[in-house]
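For reference, the structure discussed in these notes is given below.
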Amino acid sequence: METKRKYEVPVEPRTATLPASPVERALRVHPREERNPGTPLDLDLVRALRVNRSAVERRAATIPTRRTVKREWQAAWLLRAITCIDLTTLQGDDTPTNVLRLCAKAKQPVRQDLLEALDATDLGIKVGAVCLYHAFVPVAVQALQGSGIPVAAVSTGFPAGLNPLPQRIEEIRASVAAGAGEIDVVITRAHALAGDWEAVYDEVRAFRAACGTAHMKVILGTGDLATLANVARASQVAMMAGADFIKTSTGKEAVNATLPVGVVMTRMIRDYHERTGHAVGFKPAGGIRSAKTALQWLILMKEELGDRWLTADRFRLGASSLLTDIERQLEHFLTGRYSAAHRHPMV
């Protein structure tokens, strides 16, 4: 698997504190392109996929060491990371009250005094989406009305995905009817482990049809797939079936988002883009709690797929506690001191 970056477009670096015109200071926004319509299932391509695990792990090990982002550059990258966060709560003790507080945080993810000190108040910083269970979709839709932040619902028997197929499809339709603009679905990992790629394809196609205009993120559950070859094959099948995003994990597996898995999935996205011309997004989720880790994922996207995959329409970070650490790092940049986490409450 080569490491050549074919889609990287050189851009002028941006800092959070340098003066600039309103046009220059606005976050880069690209018009939403045509969704990935999917392709017929190509079993020959899927079954021929092989992954050199040692090479992938060596490549992943270079990501934290190849680039160093410091000072105002780090602050700018962290602001970018915030705009790509799917702010998530998927706990058994969720209540409408903490969902409302999470939505308030989604609309104002960074304290106003920090934004003013960074001269970033007019950048329109907000998270990419709010992700939660179907039961709280109406609450979140109402709370986020007019903000431009979509509600993402986890459906299809999350996290195991073992409910009967008609029930999972009805759950998607119910979430869309309640106002969810994005649906995170889970594949049946048993199909992938058995090599039954036709079943995975048919399942995801049915989910895509039920989503309608809502964008679909397909969770592969990579920690359960046993091999990186299965990760590569599941990624290709999900994209062939019409995924708008492919996502690493539910966050409930023993092993969630890892950089080797990220290398494999981003290269499958690149290959699919080269073959079909359709761009698919990527979402690592689970275990992403620190600003340092978020920067590593941004670096991976920049090096493997280019700057175009550094916006919320093609990249998301599934996280709940990450935002707290990013705020702490921004305050450290401004003051030279680390604040207590309670100064940056989430809910």
Side chains of D325 and S290 only: does a donor on one sit below 3.5 Å from an acceptor on the other?
no
Would you indicate whether the side-chain heavy atoms of L334 and L118 approach each other to under 4.5 Å?
yes
For residues I125 and V130: do they belong to one hydrophobic cluster (side chain heavy atoms under 4.5 Å, members Ile, Leu, Val, Met, Phe, Trp, Tyr)?
yes
Do M240 and L43 belong to the same hydrophobic cluster, where Ile, Leu, Val, Met, Phe, Trp and Tyr are linked whenever their side-chain heavy atoms lie under 4.5 Å apart, directly or via other members?
yes
N/O donor-acceptor pair under 3.5 Å between Q74 side chain and V69 backbone
yes
Taking side chain as C-beta onward, heavy atoms only, is I246 less than 4.5 Å from I269?
yes
Whether the side chain of T248 engages the backbone of A285 through a donor-acceptor N/O pair (distance < 3.5 Å, no angle test) should be reported.
yes
Would you please classify the geometry between the F158 ring and the Y133 ring as parallel, tilted or perpendicular, with 30° and 60° separating the classes?
perpendicular
Would you say F207 and V218 make side-chain contact, with heavy atoms under 4.5 Å?
no
Closest contact, heavy atoms only, G161 versus V186
CA-CG2, 3.4 Å
Test item: E171 side-chain N/O and T156 main-chain N/O as donor-acceptor pair under 3.5 Å:
yes
Using a 3.5 Å distance criterion without hydrogens, assess whether the side chain of D184 forms a donor-acceptor pair with backbone atoms of A153.
no
With a 4.0 Å cut-off, would you call R337 and E331 a salt bridge?
no
Under 6.0 Å from the CD atom of Q142, do we count more than 12 heavy atoms belonging to anything else shown?
no
Taking atom types as modelled, find out whether D86 and T88 have a side-chain donor-acceptor pair closer than 3.5 angstrom.
no
Which heavy atom in T266 sits nearest to a heavy atom in L305, and how many Å separate them?
O-CD2, 3.5 Å
Could you walk me through whether I187 and I219 pass the side chain to side chain contact (heavy atoms under 4.5 Å, CB included) check?
CA-CA 6 Å; I187 66 169; I219 306 171; over 6 Å; no
Tell me if a side-chain donor or acceptor on R233 pairs with a main-chain N or O of L49 at a distance below 3.5 Å.
yes
Residue pair V56 / P260: nearest heavy atoms and the distance that separates them:
CG1-O, 3.4 Å
Under 4.5 Å between any side-chain heavy atoms of F315 and P284, yes or no?
yes
Interatomic distance, I326 atom CD1 to I82 atom CD1 [nearest 0.5 angstrom]
5.0 Å
Restricting to side-chain hydrogen bond (donor to acceptor under 3.5 Å, both in side chains), what partner residues turn up for E327, sequence neighbours left out?
K105
Flag, side chain of E304 to backbone of G306, donor-acceptor distance under 3.5 Å
no
Nearest 0.5 Å please: distance from the NE2 atom of H134 over to the OG atom of S175.
5.0 Å
Start with the C-alpha distance between T222 and N256, add both sets of side-chain angles, then the distance that settles side chain to side chain contact (heavy atoms under 4.5 Å, CB included), and finish with yes or no.
CA-CA 7 Å; T222 55; N256 293 290; over 6 Å; no
Intermediate values then yes/no, side chain to side chain contact (heavy atoms under 4.5 Å, CB included), V263 and R58
CA-CA 10 Å; V263 170; R58 286 197 302 272; over 6 Å; no
Would you call E182 and R316 a salt bridge, taking side-chain N to carboxylate O under 4.0 Å as the test?
yes
What pair of heavy atoms forms the shortest contact from V176 to C211, and how long is it?
CG2-O, 3.7 Å
Ignoring hydrogens and geometry, is there a side-chain-to-backbone donor-acceptor pair from W309 to V280 under 3.5 Å?
yes
Just checking, is any N or O donor in the side chain of T188 or R168 under 3.5 Å from an acceptor N or O on the other one?
yes
Is the closest basic N to carboxylate O distance between R173 and E170 below 4.0 Å?
yes
Using a 4.5 Å cut-off on heavy atoms from C-beta on, say whether the side chain of C84 contacts that of T311.
no
Stepwise, does the salt bridge (charged side-chain N to carboxylate O under 4.0 Å, His left out) test hold for E203 with R189?
CA-CA 11 Å; E203 181 178 69; R189 271 80 92 192; over 6 Å; no
Quick one: are K283 and L317 in side-chain contact, heavy atoms under 4.5 Å?
no
Transitively linked via ILVMFWY side-chain contacts under 4.5 Å: L90 with V255?
no
Are R205 and D202 close enough for a salt bridge, meaning some N to O gap below 4.0 Å?
no
Euclidean distance, W297 CH2 relative to F282 CZ, rounded to 0.5 Å:
4.5 Å
If you round to the nearest 0.5 Å, how far is CD1 of I299 from CD1 of I63?
8.5 Å
With a 6.0 Å cut-off (strictly less than), is the heavy-atom count around NZ of K292, excluding the residue itself, greater than 12?
no
Considering only NZ, NE, NH1 and NH2 on the basic side and carboxylate oxygens on the acidic side, decide whether R275 and D271 come within less than 4.0 Å.
yes
Between C131 and V154, what is the shortest heavy-atom contact and its length?
SG-CG1, 3.8 Å
Give, for atom CG of N52 and atom CG of L228, the distance between the pair rounded to the nearest 0.5 Å.
10.0 Å
Is it true that a side-chain atom of R111 and a backbone atom of Q108 form a donor plus acceptor pair closer than 3.5 Å?
no
Do T65 and T62 have a side chain donor and acceptor closer than 3.5 Å?
no
When every non-hydrogen atom of M216 is compared with those of A243, the smallest separation belongs to CE-CA, 3.8 Å
Do R289 and L322 come close enough that some side-chain heavy atom pair is under 4.5 Å?
no
In this structure, would M265 and F245 fall into the same cluster of hydrophobic residues linked by side-chain contacts under 4.5 Å?
no
Can you tell if the side chain of N36 reaches within under 4.5 Å of the side chain of Y272, non-hydrogen atoms only?
yes
With salt bridge (charged side-chain N to carboxylate O under 4.0 Å, His left out) as the test, pick out the partner of D244 among K217, R314, R35.
R35
Kindly compute the distance separating OG1 (T89) from CD (Q91), expressed to the nearest 0.5 Å.
5.5 Å
Without swapping roles, check the side chain of K247 against the backbone of V185 for a donor-acceptor pair under 3.5 Å.
no
Between R66 (side chain) and P64 (backbone), is there a donor-acceptor pair under 3.5 Å?
no
Is it true that the side chains of D42 and Q236 contain a donor and an acceptor less than 3.5 Å apart?
no
Between the side chains of T121 and E116, does any donor sit under 3.5 Å from an acceptor?
no
